[in-house]
Structure formats: structure tokens, C-alpha cells
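This report refers to the structure that appears directly beneath it.
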Amino acid sequence: MHIFASEWESNNNQMHYHTIPVIRYPKFLKDVSFVINSWRRMSNYDFDIVQVVGRALGMNVFNPHCGVEKAWLKQDILSVNCPFYRFLKQITRFFSLRQNFILWLDRKQYTSKCVSRIIAISDMIKNDIIKYHNIDPQKIKVVYNGVDLQRFTPDNRNKYRKVIRERLSLGEEFVILYVSNNFRLKGLFTLIKSLGELKKSHKDFKALIIGRGRAASYRKLARRLNCLENLIFLGHVNEIEKYYAASDLYVHPTFYDSCSLVVTEALASGLPVITTRYDGASGVIDNGVDGFVMENPMDYEALAEKISLFLDDEFREKASIAARKKAEKYPAEKNCEEIIKVYKEVIENSIENTTNRQHHTT
């Protein structure tokens, strides 16, 4: 197995790593140089399967983890609260060399004749691919993200719940968890507004905010809504499974996510989940059973109403059991097996096409 990337976090002796040189700045040239240099490097080999998950060409299997660029752009603009900044962002992107290159590349990746199969990581992404690029549905295989059922498990509550809660000076209050490195796109404003509504009923709760992001404007909003004392900003944390164990509910009011890993991790940990229909992972959630799927990521009142349902211990316990059962349908091993099936189909089709060409030639 050969892996091509511009940088590495770790090495595995069973893999062949190829470092692709890129022009670091500006970002536009970084994207362009990676596409060109990776294509040149890969063309020196005769691979049976070339799978691309990011911005590159030369593949016969395309597995876009970031979804469809046009769909993302639409939702990203909507996540900007201020109308003036929203308009400014639209104008800036319209004239952006990098953004126009990415849109061209996105179209090229989906419509390339070399691509035999597209692996969509959710039904939402499949629908977006068909909508924005008019791709034959038969060419697309949906394979949801898998989850490590041993690492993320309700059993972690016995190990970590008390320890983490004591570390954060928490008692037995209701704890909401939110994890993201893009607070704006993943709906933190909506969550905080919903907590302001929840605070009006004087409920005893805390919200753990995990991830890298500028927290100042969110703290300011929480202070204005009289719920700042209910929020704990933790920044980046290691061993996220411990924080799932310390929580009672996972909330992810995102404007766009191809298929949130945090959602399946939360479900596997026995946490009911509230997310939106713009999260591909919403495709695995049964409304009112293991969580809820919101129609509008800006509807903080509806979110507050959904959160309040989980304050009932009996309702939450049933949803927790259902959440774990749902996650057990998506083990990491199943994800690998499904992708290997796609590989076999691609190879079989390639052999069949080669044989047909030879027959026509003779």
C-alpha cells in the first residue's frame, strides 16, 4: 500500500509513504502544486486502486470526506450571522483564485471518466453529488463512517465519569457536550442561544465546549443571555472518550458536515445526539429514539425544546440504550469490508473492460 501526502503524523512499516512537495504559501499555490505533483508522482506507478479522499486527481475510486464544495459553500455562508459580513464573504469568494480552483477541481473529480466508483460517506453526500454534479446514482456507493466500539463505549462511564466531573468541579447536574474546531459552521451560536432559553426555566445544567476556536464572541453572547456560568470552554483535549463518558447528551447543531465522526462516537458512548439534517451522520439517527434531527440549524428555540426532553431521566436512559445499539451497526470493521467490496468491483470491471477491448481488437 502506498500513501501520498504532503506531511505525516506517523509512519507504519507496512506502508510506503510518499511525501509530495508543495508550495506552502499562498494557499492557492499549495492546492495547485499538490494536485500537479501528486498526479505526476502517482503516474510513475501501475496501481490497481487509486483512492483519493481530498484534493487530487488520477484516481479510479473517489471517496470525498469533505463532501460537495458547492453544498458546503452555501451552508458556510448561511452560518455567518452578520448580513454585512455574509455579503463580504460572498464577494471575496467570488473573486478568490483558490476558491474558483477548488470548484473547478471538485467538478473535475466527480465527472472524470477515470473514476469508476464514488464512495459517499453518507446518504446526504450521495444526494448532493447527484444534485450538484448530475452523477449516475449507480456509480455511487454509500459507506458510512465506522466507529471503534471498544474505545467508545458506555462502559467508560464507570472508569471516567466521576474522575472527569471532579476535575471540572461538576456534581450530578445534566451535562451537554459539544465538540468542534469550527465554532461558527458547527452552530455554537445556536447552541448558546438555546442554553439561554433553557436557563429561563432555571434548570441545573452545564455545557462542555471542546475544540480550537475563538471563544470571545461566544462568551459575550452567553454573558448577555445569562448562561455564561453554565458553559465550560475546555479548548483542545486528548482522550475525548473520557468526556463522552462524563456527559449526558451530545449536541451538534451544524450547518454542514459530510458525516460527523463525533456523532457516531457519541452514539457508541451511549449518548443520545441532537444534530441537523445538514449533517450526513443524521442519516443514522431515528427521531425521538436515539436523538433528534433538526430541520433548521438556526432554530435555537426548537433546540432548547429538544434538549429539555433529555432532562427526563427515563427518556434519556432509553435513548442512551438505543444510541449504543445504533452505533453497533457501524463498526469500523464494517466500513473496511464495504470499501474492500468496492475495490473488488472496480478491479473486476477493469479486467472485464480490458477483455472486451482485446476481443474488439482481434
Side-chain angles (χ1 to χ4, degrees), residues 147-181 183 186-188 190-192 194-213 215 218-219 221-223 225-253 260-275 290-292 303-304 306-327:
V147 63
D148 186 337
L149 295 173
Q150 280 69 51
R151 179 184 176 192
F152 301 100
T153 168
D155 294 339
N156 286 337
R157 293 176 186 172
N158 297 327
K159 302 177 186 176
Y160 308 124
R161 188 177 179 88
K162 184 178 179 181
V163 174
I164 296 297
R165 285 192 170 225
E166 286 180 352
R167 183 187 302 171
L168 299 176
S169 299
L170 297 172
E172 293 303 314
E173 60 261 58
F174 180 73
V175 174
I176 300 160
L177 181 63
Y178 168 94
V179 181
S180 170
N181 286 323
F183 290 164
K186 306 308 168 69
L188 183 54
T190 302
L191 174 58
I192 292 175
S194 73
L195 298 182
E197 290 295 305
L198 208 61
K199 186 65 180 288
K200 293 176 183 178
S201 58
H202 306 290
K203 300 293 183 182
D204 188 21
F205 67 89
K206 282 287 192 294
L208 307 183
I209 312 299
I210 292 177
R212 297 185 179 94
Y218 301 98
R219 290 180 187 272
L221 174 65
R223 187 178 294 108
L225 296 176
N226 193 36
C227 64
L228 181 59
E229 64 182 20
N230 297 88
L231 272 65
I232 302 176
F233 287 86
L234 295 172
H236 173 74
V237 302
N238 295 315
E239 299 177 311
I240 188 67
E241 64 272 18
K242 295 182 179 180
Y243 295 87
Y244 290 124
S247 305
D248 299 298
L249 173 68
Y250 184 78
V251 179
H252 198 70
S260 303
L261 284 171
V262 286
V263 166
T264 47
E265 290 172 358
L267 291 171
S269 302
L271 287 185
V273 170
I274 302 175
T275 188
D290 42 34
F292 287 101
L303 179 56
K306 294 292 186 292
I307 292 173
S308 66
L309 293 174
F310 291 101
L311 294 168
D312 180 271
D313 292 341
E314 184 178 350
F315 182 80
R316 187 173 70 251
E317 183 58 32
K318 287 181 180 179
S320 174
I321 294 169
R324 175 62 187 186
K325 286 182 179 178
K326 179 60 64 63

Check: Does the side chain of Leu234 come within less than 4.5 Å of Ile232's, by heavy atoms?
Finding: yes
Could you list the residues that satisfy ring-ring contact (aromatic ring centres under 6.0 Å, His included) with [X], not counting sequence neighbours?
| X | answer |
| --- | --- |
| Phe233 | none |
| Tyr243 | none |
| Tyr218 | Phe183, Phe189 |

Checklist line | Nearest heavy atoms of Gly187 and Pro253, plus distance in Å | finding: O-CG, 3.2 Å
Item checked: Leu271, Ile307, Val273, Leu309 screened by side-chain contact (heavy atoms from CB on, under 4.5 Å) with Leu249, the one that passes -> Ile307
Check: Only one of Arg157, Lys206, Arg165 forms a salt bridge (Lys or Arg N to Asp or Glu O under 4.0 Å) with Asp248, so which one is it?
Finding: Arg165
Check salt bridge (charged side-chain N to carboxylate O under 4.0 Å, His left out) between [X] and all other residues, then give those that pass, not counting sequence neighbours.
| X | value |
| --- | --- |
| Lys318 | Glu314 |
| Glu197 | Lys200 |
| Lys306 | none |

For [Y], does its backbone N or O pair with a side-chain atom of [X] as donor and acceptor, under 3.5 Å?
| X | Y | result |
| --- | --- | --- |
| Asn181 | Gly211 | no |
| Glu173 | Gly171 | yes |
| Arg316 | Phe310 | yes |
| Arg324 | Ala268 | yes |

Next item on the list: Would you tell me whether Tyr160 and Glu241 have side-chain atoms, one donor and one acceptor, within less than 3.5 Å of each other?
Entry: no
Next item on the list: Would you tell me whether Lys199 and Asn230 have side-chain atoms, one donor and one acceptor, within less than 3.5 Å of each other?
Entry: yes
